[in-house]
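To keep things clear, I will list the structure first and then write my remarks on it.
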Amino acid sequence: MIEKILAYILARCINSEFDQTTVALISENLKISRSQVSVVLNKLVKENKLIRIESKPFCFISVEYLKEKSIPFKDSVYASLDDLLTNQEKKDFEKLVGMNHSLAQTVKQCKATISYPPKGLPMLLYGPTGTGKSLIAKLTYEWARNQGVISKDGQFVQVNCSEYANNPELLTANLFGHVKGAFTGAEKDNEGLIALADNGVLFLDEVHELKAECQEKLFLFMDQGIYHRVGDNEKWYKSNVRIVFATTENPDKVLLKTLMRRIPMTITIPSLEQRGTQERIELLYNIFSQEEKRLDCQIKMSSKVYNALLQSKMPGNIGQLKSSVQSCCINSLFDKVNDELVIHLDSLPKDLLQQVYANQKTVLDDDEYIYVDDLQGYYNGTKEILQLNDSLLACYRKYKEEHTNLSDFMAKEKNYVQKYFDNLIFRKKESSQVDYYNRGVQHIFNLIESRYGLKITNNETLAIASYLDEIHHEYHDLRSWFLKHEEECDDLYQLLQEEFFRATNVSLEICTYLKSYLEMDMYSIIICTFIFYVYNVQKDSRLSQKAAVVLSHGFSTASSIADAANRFLGQYIFDALDMPLYIDTATMIEKLNRYLDRIGKVKELYLLVDMGSLEDIYKGLHIENANIGIINNVSTPIALEIGNGIRNNVEMESILQKTIDAFRVNFAYHIEKHQQKQPVILCSCASGLGTAKKLKSMLEQSFPDGINLDVKTLNYSELIELGKKNNVFEEYDVLCVLGTLDPNMEDIPFVGIEDLIIEDTFGDFNQYFKDYMDEEQLALFDKNILHNFSLSNIMNALTILNPAKLLEQVANAIDVLQKYVGVRFSNRTCFGLYVHICCLIERLVVSRNAEYDSSLDFLNEHKDFVDYVKKAFKQVEDFYGVDIPTEEMVHIYNYVKNNYKCQLKNVQF
């Protein structure tokens, strides 16, 4: 198998078909399971026979091919094919995990400070111990040298100030140098570290350890770039050096104010906990990879160890993470077998082990093992804000392709946005820019709170401010991404505008204020993000297809009524259209139609007007398939009564009649019914909503193309409790309930799951669709149902072969067999044969050398039937390289013989 895979990859590389060497395509073309292919490929990468390219999906390049083409390479893994072919090594900040994510602003500030004209400016790196301040200082130096900001011969000189905490004289001598005889032991001149760092970078780590007098000795040099050597107060020396400080303590508390004034840039380095899961995984990969090279072996860890390293608190940050990994490797070193180091839970250092046992969830994780190379597939190098956008569009594409439930789609999209915003809150990024955005967001939400009843917490305000900060910092990449996906983003926005006008109205107003107040361009994907963020799944799921408008004459009469009602109700229900005092009915209708065009589809429209002919108004509206309820003499109490009914999902006529009865004044209302309910099949299973969703998926896959039928799911307990009072019965025409247990609902037929595959009851099921499918479509629907239910059973049984492909081949063979024997098999017979033969084929593939007892009597008595089976299944046998044994022919014969509609005893073979 190994040679077969190597030969396949080499052939593809020679033909420059590099994208054909993915796990999926290798598995499909060589008929080897994905899991086996994956294991072999990882092994070949370790043995330096293949190179892995990490652009998704992973592909593999033959080392033999690279050598033949004289293409140089150093590593076994490359981020992209271009990186391999151009053999570019990472340099300076490219080596920094998180340079495009949590440390993007840090990198930007370091670059700007070190290169600030004419000679750079001092900077202070501030963050907890172990966060990588020394590494960042070194990479800043490398970047400056690579960019020509400092000369190529300029050095990076590091000083740990804690060594001089109680000895300022020694610091002075080592930094500024000394002349011979300056103090006891000064036997010769010493230039000092500042001279050594001339045209380079001087890094003063742990600067908080310096006493005040030590800090003061730096002032003159920082101001003018000149200094005396110890023992020589007459001669001035110069050095063109850039200074980087680092501290773990609050600089305002431990450093002199006079020193802080000389450091214009303080850069805060986030802790490991603030860096996020993706970066922690990448750090784990980098640290483990270094240990693999050092130990010259392959390392794998149990899932418990992986989760412990990923989830445990690390006060020492990256430094502690590295120490913990090395401790694991040390504790497992002498258990190494065949150049493979296996790390178990007991290899963890004691402090992490205590955290593990305190967290029972971690201890109970599945006992699986993860190779270090596998970690590369667990993190994504894309910036988080672009990852969010990619996720939103991917979910939208899936919605369009699979025609999933709109509410489910919105819930998924909202979940993506909520997780992203939660992560922003978790990181709690502090900066003057975030503070500025925070004040702006608070001001904007204060303006719209009364209008829409939208209240947000301080954390949510901070999250939105941090989101705006991300947009600001990633503007160029975000703009490039948007231009590439502009059409798709606009389509998504159009859908949301049509279906969720309330959330869209709120988001548009927020974005209008943001654009004006903060001078930001609001791309359609940003507006969509806000729509998902403000969309309330529970409230909007009931109100998403209802609109309520207050129309009144006067400067702001309608707006005042709508705002007051929304505020008292604590929810955005009413929109307002203010009309001039002397407007005619035609102009009012025109304005109302423009509003209706903007909000898109609704099923119920409530119009609250102050005067005018109700009949004239509703007759002029451009709205279809919606019930329109109009009431006159509008006031705030009336709006509150109607708004409360809408909020509680009361039926339209009951709302309007109750309002009339409550106020007992001369009101009039009119209801114009136009709504046509969409027909649906309702899936509801006593075994749970998960089963209902699977059933829904199989039904939708079984419908022939062009069928105008929808499938909904409903919790069985809710169906039993509320019956026809559930919203789904009000909004849709429920044709039947499909599930595992009859809910016994009057006038609503029930179809059990087993009925779908039993021929004598399936016809009853079909009768519900006779108005939506012709005979040919019903026959196809019948066949698809049988196929999909068989596939569901087969998928649970097969582990190696592709279930969908195998079932299609077996189903075709059984169709041929029916023609040979001259009978039509029942659904039940076909179902049994599908499952039995698919499982048989896999058993034969796995155990090719298995022996069966040949039945000579059966061969002699049913020679024709055996010939029919061999002919019908010839393509299946040839494709999988198997032979169906005679003993298995007996089982197939018995299935067919017991066919409850066509008994074979009457058929002569």
Side-chain angles (χ1 to χ4, degrees), residues 92-93 96 99 103-127 131-161 171 175-176 192-208 210 212 214-227 236-270 430-436 472-473:
D92 51 71
F93 285 116
L96 186 64
M99 68 161 291
L103 298 181
Q105 179 67 0
T106 297
V107 171
K108 183 178 179 181
Q109 291 173 325
C110 288
K111 290 178 178 180
T113 309
I114 200 75
S115 61
Y116 199 85
K119 297 180 180 180
L121 292 171
M123 72 177 81
L124 172 64
L125 304 178
Y126 166 50
T131 50
K133 296 184 293 297
S134 298
L135 174 63
I136 291 171
K138 181 69 181 298
L139 296 179
T140 301
Y141 155 76
E142 290 181 11
W143 178 85
R145 193 176 61 173
N146 291 334
Q147 297 297 317
V149 172
I150 60 177
S151 63
K152 291 290 184 182
D153 57 355
Q155 295 190 48
F156 179 79
V157 178
Q158 182 170 350
V159 179
N160 192 326
C161 297
L171 171 68
L175 275 183
F176 300 108
L193 297 177
I194 288 179
L196 182 64
D198 188 24
N199 294 318
V201 171
L202 175 65
F203 176 47
L204 299 177
D205 198 7
E206 305 292 348
V207 67
H208 61 274
L210 295 183
C214 295
Q215 297 179 37
E216 289 172 349
K217 291 181 183 295
L218 296 168
F219 292 172
L220 180 63
F221 175 70
M222 292 177 68
D223 290 339
Q224 301 182 34
I226 59 176
Y227 62 95
W236 291 102
Y237 295 87
K238 290 185 177 182
S239 178
N240 180 23
V241 62
R242 287 163 165 82
I243 303 179
V244 179
F245 300 94
T247 180
T248 57
E249 305 294 329
N250 186 335
D252 293 329
K253 295 181 179 180
V254 297
L255 299 181
L256 294 175
K257 296 286 189 293
T258 45
L259 177 61
M260 288 300 297
R261 285 201 299 268
R262 290 171 167 83
I263 306 174
M265 178 58 73
T266 298
I267 301 172
T268 302
I269 312 300
E430 296 179 3
S431 71
S432 58
Q433 192 73 17
V434 172
D435 290 341
Y436 170 70
H472 171 74
H473 288 300

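A 4.5 Å side-chain heavy-atom check between Gln158 and Ser134 finds at least one atom pair inside the cut-off. When side chains are defined from C-beta on, Leu255 counts as touching Leu124, because their heavy atoms get closer than 4.5 Å. Side chains of Val201 and Thr140 form no contact here, defined as non-hydrogen atoms less than 4.5 Å apart. Looking at Gln155 and Asp198, their side chains never come closer than 4.5 Å, going by heavy atoms from C-beta outward. A 4.5 Å side-chain heavy-atom check between Phe219 and Thr258 finds at least one atom pair inside the cut-off. Contact annotation: the side chain of Met265 never approaches that of Leu125 to less than 4.5 Å [non-hydrogen atoms, C-beta and beyond]. Residues Phe156 and Phe203 meet the side-chain proximity criterion, which asks for heavy atoms closer than 4.5 Å.
If you check the side chains of Asn160 and Asp205, you find no donor sitting under 3.5 Å from an acceptor.
Ion pairing between Asp223 and Arg262 holds under the 4.0 Å rule for side-chain N and carboxylate O.
Between the CZ atom in Phe221 and the CG atom in Leu175 there is a gap of 9.0 Å [rounded to 0.5 Å].
Qualifying side chain to side chain donor-acceptor pair (under 3.5 Å) partners for Glu142, counting only residues two or more places apart in sequence or in other chains: Lys95.
Under a cut-off of 6.0 angstrom, the local environment of NZ in Lys238 is sparse, with at most 12 non-hydrogen atoms contributed by other residues, nucleotides or ligands. Remark: Tyr237 OH is packed, more than 12 non-hydrogen atoms of other residues, nucleotides or ligands lying under 6.0 Å away. The environment of Lys253 atom NZ is sparse: at most 12 non-hydrogen atoms of other residues, nucleotides or ligands sit within 6.0 angstrom.
The two residues Pro270 and Thr131 have their closest heavy-atom pair at O-CG2, 3.5 Å.
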